[in-house]
> 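Quick one: the structure is below, questions incoming.
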There are 2 protein chains.
Amino acid sequence: MKSDKISEAVVRRLPVYLRFLNDLQKREIATVSSQELGQRLDLNPAQIRKDLAYFGDFGRKGIGYDVPYLIEKIRHILKLDQQINVVLVGAGNLGQALSNYNIYLKDTMKITAVFDSYPPKIGTKINTLTVQPMEELASTVREQGIRIGIITVPEQEAQKVADILIGAGIEAILNFAPVILKTPPEIRVHAADFTTDLQSLAYYLHEGKDEEEHGY
Amino acid sequence: MKSDKISEAVVRRLPVYLRFLNDLQKREIATVSSQELGQRLDLNPAQIRKDLAYFGDFGRKGIGYDVPYLIEKIRHILKLDQQINVVLVGAGNLGQALSNYNIYLKDTMKITAVFDSYPPKIGTKINTLTVQPMEELASTVREQGIRIGIITVPEQEAQKVADILIGAGIEAILNFAPVILKTPPEIRVHAADFTTDLQSLAYYLHEGKDEEEHGY
DNA sequence: TAGATTGTTAATCGATTAACAATC
DNA sequence: TAGATTGTTAATCGATTAACAATC
């Protein structure tokens with residue numbers, strides 16, 4: 001199958017495939033079938049084959065997928081074969097924690113600048129990065145060719161920061177603040193709000209002692 | 001409409017509704033229509049009405065939804081009208097950052113215990129909580145009636161921690177480690193992996209200078 | 001009453017899964 | 001050749017959206 005508009009569900013699975021494939025490679029496993037992948041990732045094998053087939057014929061009938069080759073292909077699809085620079089705004093606890101993931105993101109993606117508006121924070125170091133004032137954001141984004149922004153500021157400031165990021169020419173935003181950002185349609189925004197996640201988890205708890213089934 | 005099995009998509013939207021309703025309440029707005037909600041949350045009004053109607057008739061025709069009443073109802077559906085205690089495992093940067101969200105979670109949900117396996121961490125304080133050794137996990141979970149676990153340990157340890165949490169009787173897990181956990185079907189697991197999020201965002205970047213359209 | 005807005009049914013759209021011919 | 005596994009079409013399933021009678 002050739003390209004159509006690819007659904008977000010498919011795109012969100014690609015990094016999961018990639019992660020597991022990297023693991024296989026580390027274990028020097030050369031080949032993997034959609035069945036094995038599906039078993040490990042708890043997905044339907046047909047779905048995995050279909051997902052991959054959107055982008056090309058990466059497998060071999062009767063054999064499966066060559067692990068290093070598929071890694072290369074998925075990295076290319078996700079644009080992880082070029083370096084993607086990322087800016088982080090909000091040098092609080094969460095921001096600092098995420099900065100440490102630079103090691104995880106390896107060479108492909110990298111937080112290369114950190115900003116905050118709170119004067120005492122400015123000039124402090126987070127690992128190798130120095131926290132910069134917001135005024136420098138636009139020029140730094142331009143100079144470093146930064147394309148993705150991470151927002152880890154309090155909810156009251158999130159929209160303002162998003163506007164600044166967009167004004168600076170960022171193309172996508174990962175938003176950790178618990179607000180729905182108003183953004184133009186060409187900007188991709190993913191919500192990464194941990195409180196929302198937790199609250200929806202609570203739904204699945206068994207009924208508490210003092211509670212009845214609410215099947216009314 | 002009365003209850004059926006509610007889809008996960010619906011459940012994930014409920015906290016988003018709740019968040020905005022709380023905001024309306026703070027601004028002393030008494031009533032809201034599905035249209036206004038939809039506009040603000042970037043959702044189809046019919047979808048919002050349908051979502052809510054799964055759980056009961058909460059609105060009034062011609063009027064809309066009473067804000068405090070709907071808040072109460074959604075809180076009940078999500079079980080946020082009882083206190084839900086949460087345990088966090090992994091007192092690294094990310095774990096510490098999340099602990100600070102206790103203020104956000106308000107009275108309804110609360111991280112009430114923090115664990116780590118790294119001896120120098122044990123006994124240190126994160127806000128009001130003292131980091132405990134893993135050996136105490138099961139008994140603390142029991143004593144405090146903890147029902148949800150958050151995993152913020154490195155990927156190599158995540159599965160082991162999940163097993164311990166499940167053994168201790170936890171009902172749901174929010175997993176920040178970049179691995180697919182193997183868990184029994186009655187345990188609800190949400191992945192909250194920030195690297196996966198970032199990688200799928202990269203897909204939506206415009207083509208880089210040195211890259212062609214990959215429409216093959 | 002006229003206008004607004006719900007709850008719900010029916011229509012549409014999209015995503016997942018099953019099945020199988022092609023082929024390694 | 002026999003067995004395995006892909007890529008893809010067709011069938012199924014589920015979720016979103018439109019439309020509208022009921023009613024505040």
Side-chain angles (χ1 to χ4, degrees), chain A residues 1-14 16-17 20-21 24 29-71 73-74 77 200 203 214-216, chain B residues 1-14 16-17 20-21 24 29-71 73-74 77 200 203 214-216:
Chain A
M1 190 183 272
K2 303 288 131 148
S3 73
D4 273 285
K5 308 101 212 158
I6 307 297
S7 86
E8 184 174 336
V10 174
V11 175
R12 286 192 163 275
R13 282 191 292 268
L14 294 179
V16 179
Y17 300 157
F20 182 59
L21 288 164
L24 288 177
I29 294 165
T31 272
V32 68
S33 68
S34 60
Q35 190 171 132
E36 295 173 77
L37 273 166
Q39 212 145 31
R40 245 345 175 62
L41 304 178
D42 208 15
L43 295 170
N44 183 296
Q47 182 171 64
I48 295 173
R49 294 201 298 279
K50 203 162 199 264
D51 284 355
L52 296 173
Y54 282 116
F55 302 98
D57 291 3
F58 301 149
R60 291 216 296 156
K61 301 182 192 201
I63 309 290
Y65 298 90
D66 182 78
V67 171
Y69 180 70
L70 190 54
I71 287 175
K73 286 301 181 185
I74 296 181
I77 294 163
S200 68
Y203 175 82
H214 55 253
Y216 51 108
Chain B
M1 192 183 271
K2 302 287 131 154
S3 72
D4 271 286
K5 308 99 213 155
I6 306 297
S7 86
E8 183 173 335
V10 174
V11 175
R12 285 191 164 274
R13 282 191 293 269
L14 294 178
V16 179
Y17 300 157
F20 182 58
L21 289 164
L24 288 177
I29 294 165
T31 271
V32 69
S33 69
S34 61
Q35 189 171 134
E36 295 171 77
L37 273 167
Q39 211 145 31
R40 242 350 173 61
L41 303 179
D42 209 14
L43 295 171
N44 183 295
Q47 182 171 66
I48 295 173
R49 294 201 298 278
K50 203 163 199 262
D51 283 356
L52 296 174
Y54 281 116
F55 302 98
D57 291 3
F58 301 148
R60 291 217 295 157
K61 302 184 192 204
I63 309 290
Y65 298 90
D66 182 77
V67 172
Y69 180 70
L70 190 54
I71 287 176
K73 285 301 181 184
I74 296 181
I77 294 162
S200 68
Y203 176 81
H214 54 254
Y216 47 109

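If you're wondering where the values come from, they're calculated on a predicted model, not measured in any experiment. Each chain gets a letter, A, B and so on, in the order its sequence line appears, and its residues count up from 1.
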> Partner lookup for C:dA15, please. Criteria are Watson-Crick or G-U wobble with both distances under 3.5 angstrom; report none if nothing qualifies.
D:dT12
> OP1, OP2 of C:dT5 versus side-chain N and O of B:Ser34: anything below 4.0 Å?
no
> If you measure from the Lys or Arg side-chain nitrogens to the Asp or Glu carboxylate oxygens, is any gap between A:Glu36 and A:Arg40 under 4.0 Å?
no
> Nearest whole Å is fine: how far is C:dT6 C1' from B:Leu37 CG?
13 Å
> Could you state the CG-P distance from A:Asn44 to D:dG7, rounded to the nearest angstrom?
15 Å
> Check every atom of C:dT6, C:dC24, D:dT16 against the side chain of B:Lys61 and return the nucleotide holding the closest atom.
C:dT6
> What is the distance, to the nearest angstrom, from the NZ atom on B:Lys5 to the C1' atom on D:dA15?
15 Å
> State the pairing partner of C:dT23; accept Watson-Crick or G-U wobble contacts with both distances under 3.5 Å, and report none otherwise.
D:dA4
> Check the distance between C:dT6's P and B:Ile48's CD1 and give it to me in whole angstrom.
9 Å
> Considering non-hydrogen atoms only, spot the tightest contact between B:Ile74 and B:Tyr17 and give its length.
CD1-CB, 3.9 Å
> Could you give the CZ-to-C1' distance, from B:Arg12 to D:dG14, as a whole number of Å?
17 Å
> Toward the 5' end of DNA chain C, which comes first, B:Ile63 or A:Gly62, by nearest nucleotide?
B:Ile63
> On the nucleotide D:dA15, are OP1 or OP2 found under 4.0 Å from the side-chain N or O atoms that B:Ser7 carries?
yes
> Testing A:Thr31, A:Leu24, A:Leu21 for side-chain contact (heavy atoms from CB on, under 4.5 Å) with A:Leu70, which one passes?
A:Leu21
> From CD of B:Gln47 over to C1' of C:dC13, roughly how many Å is that when rounded to an integer?
13 Å
> Using whole Å, what does the distance between atom P of nucleotide D:dT6 and atom OH of A:Tyr69 come to?
15 Å
> Any side-chain N or O of B:Tyr65 below 4.0 angstrom from OP1/OP2 of D:dC24?
no
> Give the minimum heavy-atom separation between A:Ile77 and B:Tyr203, together with the two atoms involved.
O-CD1, 3.5 Å
> Quick one: B:Lys50 NZ to C:dA11 P, roughly how many Å, whole number?
14 Å
> For the CD atom on A:Gln35, are there more than 12 heavy atoms of other groups (residues, nucleotides or ligands in this structure) within a distance under 6.0 Å?
no
> Pick the nucleotide of DNA chain D nearest each of B:Arg49 and A:Gly64; which residue has the one closer to the 5' end?
A:Gly64
